[in-house]
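Before any comments, here is the structure.
Because the structure is predicted, anything quoted here is derived from the model rather than measured.
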Amino acid sequence: MLSELDRHIAAAELCRSIDFRRVIVSTENGKINGWLRYGLFWDNIPFMNMLYVIDGERGKRIGTALADFWENEMRAAGHALVLTSTLSDERGQFFSRKRGYRDCGSLILPGEVTEIIMYKKLEDNNG
């Protein structure tokens, strides 16, 4: 069950995200091997909150497949731009940049590592 794996969000909030159809889950042989969760920044720009692939499943293009699916869904829904973020000390920033995401800002909270905010234009996939 996803609520046992995704410890980055309260179970009740995860249920709401699922109800709003803002969670995409990847499975293999009936087991969850990754997921993508998103919300809406400023109530109208899709913002990928979480892209996670289970340890031992990384390197199998699961994250790529989840991100591709989400971006295509957002494009089909009429969105021209999507956002995501990553900590400056995480490898996720390189994954996002490779996919055409560009830095557009940061969030600096006391005692925390800088959060890099990134965007991608969907209409031409060239950022």
Side-chain angles (χ1 to χ4, degrees):
M1 176 174 250
L2 186 57
S3 62
E4 296 169 3
L5 298 172
D6 191 349
R7 301 288 185 187
H8 300 91
I9 187 172
E13 188 61 32
L14 178 59
C15 287
R16 280 190 285 279
S17 294
I18 292 168
D19 288 345
F20 283 124
R21 303 179 59 91
R22 293 186 180 152
V23 178
I24 302 163
V25 176
S26 172
T27 62
E28 186 174 345
N29 299 323
K31 295 180 85 173
I32 294 172
N33 58 11
W35 66 90
L36 183 151
R37 209 173 2 87
Y38 74 98
L40 296 175
F41 186 80
W42 288 336
D43 298 323
N44 65 1
I45 302 172
F47 187 102
M48 184 190 328
N49 295 320
M50 170 68 67
L51 176 60
Y52 192 85
V53 177
I54 300 292
D55 288 337
E57 297 295 312
R58 295 183 183 138
K60 298 180 180 179
R61 301 189 53 82
I62 295 164
T64 298
L66 285 164
D68 285 348
F69 182 85
W70 178 69
E71 289 172 8
N72 288 331
E73 289 289 303
M74 296 304 99
R75 186 180 295 108
H79 296 285
L81 179 81
V82 292
L83 298 169
T84 193
S85 70
T86 182
L87 292 174
S88 61
D89 66 351
E90 288 181 327
R91 291 184 348 201
Q93 65 180 298
F94 305 110
F95 173 82
S96 296
R97 287 191 182 104
K98 200 161 110 174
R99 296 188 55 77
Y101 285 79
R102 299 183 187 266
D103 296 17
C104 63
S106 62
L107 176 64
I108 304 170
L109 296 173
E112 298 290 330
V113 175
T114 300
E115 185 85 15
I116 303 168
I117 313 298
M118 307 173 101
Y119 78 95
K120 180 177 182 179
K121 292 181 182 177
L122 296 178
E123 67 270 0
D124 61 11
N125 283 329
N126 292 324

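- Legend: salt bridge (charged side-chain N to carboxylate O under 4.0 Å, His left out) pairs involving residues 76-95, not counting sequence neighbours: none detected.
- In this structure, Y38 and V82 have side chains that are not in contact, with every pair of non-hydrogen atoms separated by 4.5 Å or more.
- Partners of N72 under the side chain to side chain contact (heavy atoms under 4.5 Å, CB included) rule, at least two apart in sequence or in another chain, are R75.
- Residue S17 comes nearest to I9 through the heavy atom pair OG-CD1, 4.2 Å, listed as atom of the first residue, atom of the second, then distance.
- Not counting sequence neighbours, E73 has no partner by the side chain to side chain donor-acceptor pair (under 3.5 Å) test.
- For the atom pair OG1 of T84 and OH of Y119, the computed distance is 14.5 Å after rounding to the nearest 0.5 Å.
- Between S88 and V113 the shortest heavy-atom distance is OG-CG1, 3.1 Å.
- In this structure, L5 is not a member of the same hydrophobic cluster as M1, with clusters built from ILVMFWY side-chain heavy atoms closer than 4.5 Å.
- Atom OG1 of T64 and atom CZ of R99 lie 6.0 Å apart (nearest 0.5 Å).
- Contact detail for I45 and L81: the closest heavy-atom pair is CG2-O, 3.8 Å.
- In the hydrophobic clustering of ILVMFWY residues, with side-chain heavy atoms under 4.5 Å counting as a link, L40 and F20 come out apart.
- For L87 against Q93, the heavy-atom pair with the smallest separation is O-NE2, 4.1 Å.
- A pairwise comparison of heavy atoms in G100 and K120 identifies O-CG, 4.1 Å as the closest pair.
- Within the model, atoms CD1 of I62 and CG of L66 stand 7.5 Å from one another, a figure rounded to the nearest 0.5 Å.
- The two residues L83 and C104 come nearest to each other via the heavy atoms CD2-SG, 4.4 Å.
- For the atom pair OG1 of T86 and CE of M118, the computed distance is 7.5 Å after rounding to the nearest 0.5 Å.
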Between side-chain atoms of residues 22-34 and protein atoms elsewhere (two or more places apart, or another chain), which donor-acceptor pairs fall under 3.5 Å?
unit_1 : atom_1 : unit_2 : atom_2 : d
S26    : OG     : N33    : OD1    : 2.6

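- Within the structure, the salt bridge (charged side-chain N to carboxylate O under 4.0 Å, His left out) test picks out the following pairs touching residues 1-21 (sequence neighbours left out): D6-R37, E13-R16.
- Note: E71 CD to M48 CE = 6.0 Å, rounded to the nearest 0.5 Å.
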Under 3.5 Å donor-acceptor pairs involving side-chain atoms of residues 50-60, not counting sequence neighbours:
unit_1 : atom_1 : unit_2 : atom_2 : d
Y52    : OH     : R58    : NH2    : 3.3
D55    : OD1    : R58    : NH1    : 2.5
D55    : OD1    : R58    : NH2    : 3.1
E57    : OE1    : K60    : NZ     : 3.3
R58    : NE     : V53    : O      : 2.9
R58    : NH2    : V53    : O      : 2.9

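- E115 and S85 share a donor-acceptor pair across their side chains, judged by distance under 3.5 Å alone.
- By the rule that hydrophobic residues join a cluster once side-chain heavy atoms approach within less than 4.5 Å of another member, F95 and M74 end up as members of one cluster.
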